[in-house]
Amino acid sequence: MTTAKRREIDVLLSEERTFDPPPGFRDRAHVVGEQPYLTAADNREGYWESWARELHWFQPWERVLDWQPPFARWFVGGKLNAAYNCLDRHLAAGRAEKRALVWEGEPGDVRTYTYRELHAEVSRFANALKGLGVMKGDRVAIYLPMIPEAAIAMLACARIGAPHSVVFGGFSPQSLRDRIEDASTKVLITADGGYRRGGIVPLKANADAAVDGVDIVEHVVVVRRHPDGEVLGGATMGERDHWYHELVAEADAECPAEPMDSEDLLYILYTYGTTGKPKGIVHTTGGYMTQVLATTRWVFDLRDEDIYWCTADVGWVTGHSYIVYGPLADGATQLMYEGAPDWPDRGRFWTLCEKYGVTILYTAPTAIRAFMKWGAEWPAKHDLSSLRLLGTVGEPINPEAWMWYREKIGGDRCPIVDTWWQTETGAIMITPLPGAIATKPGSATLPFPGTDATILDSEGNEAESGLLAITSPWPAMLRGIYGDEERYRTTYWSKWEGAYFTGDAARRDEDGYYWISGRVDDVLNVAGHRIGTAEVESALVTHPVVAEAAVVGRQDELKGQAIAAFVSVVDGAPVSEDLVKELRDHVAKEIGAIAKPADVIFTADLPKTRSGKIMRRLLRDIAEGRALGDTTTLADPAVVEQLKKQYEGSEG
Ligand code: WTA
């Protein structure tokens, strides 16, 4: 740790910093002032209507909004097709030869699709699905790696009006089966295998295990991942299996887009709630497409010449809204990458940014903290001067990581958009507009024009800090939980009258900026004091040796809860009892003695879901010595077992 570095951290902690939109960026930005905020506040429905007009509708809507809490219908009576808006509309607008997707596989194979090519491929596969008997309204499961066919399959479903249910390729057969059964999906689309960190994920074998004995699945379509047609992962084909390439080879490249009602289902996406059983979040067509288009254009300040890269997986909502539907609806050129960020080395992301001239990069704080841990020498080896905007999503970003991202990746010149939203919100809700809003490291800043957020206490009174609530219906909002209306009402709409409960805690500062501290289920109560786990983590990572930290509450007879901190240190740093003391004191210094962790457990890696979220529930179980729950969504289940052993050892 250099003195310069220490000073940097001190400066960061001792004063609140604000970054104005850089003048060069502002000059060309879509939004530079507060006007859209005022326009939207003045006439919210009219404002969203003007966004809806940017889409192609087969039939116009009769009413903008029909709100019968907690059920919203947007653009009532309108008819449109999501795939038509992502493809056909651009062919007519002179973008046929523009690159839509530039894809690179982990082994380095490259494929490019222009809008014309993507349109043809989607149409062919849509016809192939029809040929398998898929009709409007039938559900289709998609279990694919990050290959172009993932986007193609989603768009093909949308084209014929078959709602898709994408299941992240890292999920276990059992998780896949649960989702297939819950949504009664008729067809499953998978691949023989996918590349991950040099190895092969045997998707077809997993899929076989998932649908074994499940009769509702009539057909399984299998993409051959290998560029030369080699079969990966020991995939074998059974009676209901079809090779994707054989189906599309025979299919017609003309397939009319089905006119869908604005409120027809576009997709179901499963996510975890506070209880174990995943819930199928339901999204419909018109409102969703309207808000993903609006947010893509304004939040990322997207322009025709941009090379946009969102590093999420299509298995998560970020991949749905900001790889497939938003950027394609806005006619973007985007990069898609199949594999791990540290394969074949820790510079892969920066190699890709340089090679393709990426201008907009949208990634997760957890990835940024990994990059910090690996060291700034990796990005420093590459020319990243094409970048002009950076984004983050998925969890609160600690100011130190924000600053590192700004300096080491953005070369101190790129605005950062910290975007808050959820699977349920469908689209970005709280975010800076990069040409208009000054940013503060760690704050998602303000609600997007046309969305209404506030902070409420549990009684429903406005508060400076408390629970983040959305106070009016928004176009991309979830329309329900698949097959469980009661759960929809109780989970989101029963806390207060007419306001949506996000599950997140937040505070608002004197500028009205939102600071989201994390899920309320992560809020601790230690001796009657409320402490956000994110706050303690943020304090821990300001210590020079800490790379990443996860904090959970464990039961404590005296205090109600005590804090257990799981810490991974920067490469090469020695760990010792002294360091435990130092870290506890460090947190006490940063926040106060009440936030001092009772336990500090060192670990090489934190257990994370495949999407990079720390599995707090599991850490809580470990901290409290309970049996382990389902670990199939973990990035590396071995990490947990090791943690558990270590923890038990340290107590004994
Ligand atoms: C958290 C991901 C702070 C939050 C799009 C939310 C964030 C949950 C941010 C939703 C952010 C997401 N700052 N927290 N910018 N973005 N979150 O459904 O707790 O996977 O409720 O959607 O992630 O996660 P989900």
Side-chain angles (χ1 to χ4, degrees), residues 166 168 170-171 267-274 278-283 288 291-292 295-296 299 310-323 325-326 362-369 390-399 401-402 405 416-432 437 439-448 451 453 455 467-470 476-478 481 491-492 500-508 513-523 532-535 537-538 550 608-617 633:
V166 182
F168 173 59
F171 274 121
Y267 67 79
I268 303 167
L269 183 58
Y270 287 84
T271 185
Y272 285 104
T274 40
K279 43 190 180 183
I281 302 299
V282 168
H283 284 291
Y288 175 82
Q291 195 176 343
V292 296
T295 47
T296 300
V299 174
C310 166
T311 68
D313 191 285
V314 287
W316 311 118
V317 74
T318 305
H320 284 60
S321 300
Y322 299 107
I323 293 178
Y325 293 109
Y362 190 33
T363 193
T366 184
I368 297 165
R369 288 192 298 266
L390 305 174
T392 74
V393 60
E395 53 179 317
I397 179 162
N398 51 299
W402 196 100
Y405 195 31
I416 296 179
V417 288
D418 171 0
T419 63
W420 177 89
W421 59 295
Q422 309 175 302
T423 304
E424 291 89 340
T425 70
I428 293 169
M429 300 293 283
I430 301 180
T431 177
I437 302 296
T439 53
K440 301 179 189 182
S443 170
T445 77
L446 299 169
F448 187 80
T451 59
I455 294 173
L467 304 170
L468 181 65
I470 313 292
M477 68 186 269
L478 76 164
I481 293 174
T491 309
Y492 304 108
Y500 168 86
F501 173 60
T502 62
D504 279 316
R507 80 182 161 83
R508 211 161 22 191
Y513 278 30
Y514 287 78
W515 298 75
I516 291 135
S517 54
R519 307 288 305 191
V520 277
D521 25 28
D522 298 331
V523 169
T533 52
E535 260 178 289
E537 288 162 9
S538 203
K608 287 181 189 154
T609 64
R610 306 277 180 160
S611 68
K613 281 202 178 61
I614 292 165
M615 297 199 80
R616 286 167 209 287
R617 204 167 22 159
T633 58

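Just so you know, ligand 1 is whichever comes first in the structure, and atom 1 is the first atom listed for that ligand. Since the model is a prediction, treat every value here as computed from it, not as a measurement.
- Side-chain contact check for Ile281 versus Tyr270: every heavy-atom pair is 4.5 Å or farther apart.
- In the vicinity of Thr419, heavy-atom distances shorter than 4.0 Å reach the ligand 1 atoms 9 (C), 11 (C), 15 (N), 16 (N).
- The aromatic ring centroids of Trp421 and Phe448 lie 6.0 Å or more from each other.
- In Pro396, the parts holding a heavy atom less than 4.0 Å from any atom of ligand 1 are both the side chain and the backbone.
- Side-chain contact check for Met429 versus Gln291: some heavy-atom pair is nearer than 4.5 Å.
- The protein atom (non-hydrogen) at minimum distance from atom 13 (N) of ligand 1 is Glu395 O, 3.4 Å.
- Any N or O atom pair closer than 3.5 Å counts here, and Glu424 shares no such pair with ligand 1.
- Salt bridge annotation for Arg369-Glu537: absent, with no cationic side-chain nitrogen under 4.0 angstrom from a carboxylate oxygen.
- Annotation: side chain of Glu424 is in contact with side chain of Thr271 (closest heavy-atom distance under 4.5 Å).
- Using cut-offs of 30° and 60° for the angle between ring planes, the Tyr267 and Tyr288 rings count as perpendicular.
- Looking from atom 10 (C) of ligand 1 to the surrounding protein, the closest heavy atom is Trp421 O, 3.6 Å.
- Lys613 NZ, 3.1 Å is the protein heavy atom nearest to atom 20 (O) of ligand 1.
- Taking the side chain as every heavy atom from C-beta outward, Gln422 and Tyr500 approach each other to under 4.5 Å.
- Short contacts between ligand 1 and Thr423, defined as distances under 4.0 Å to a heavy atom of the residue, involve ligand atoms 18 (O), 20 (O), 22 (O), 25 (P).
- The distance from ligand 1 to the heavy atoms of Asp418 drops below 4.0 Å at these ligand atoms: 11 (C), 13 (N), 15 (N).
- With hydrogens left out, the protein atom closest to atom 1 (C) of ligand 1 is Gly394 O, 3.2 Å, a heavy atom.
- For ligand 1, the atoms sitting less than 4.0 Å from at least one non-hydrogen atom of Val393 are 5 (C), numbered in the order shown with element in parentheses.
- Of the protein's heavy atoms, Asp504 OD1, 2.6 Å lies nearest to atom 19 (O) of ligand 1.
- Take Ala312 and apply the side chain to side chain contact (heavy atoms under 4.5 Å, CB included) test, not counting sequence neighbours, and it matches Cys310, Thr318.
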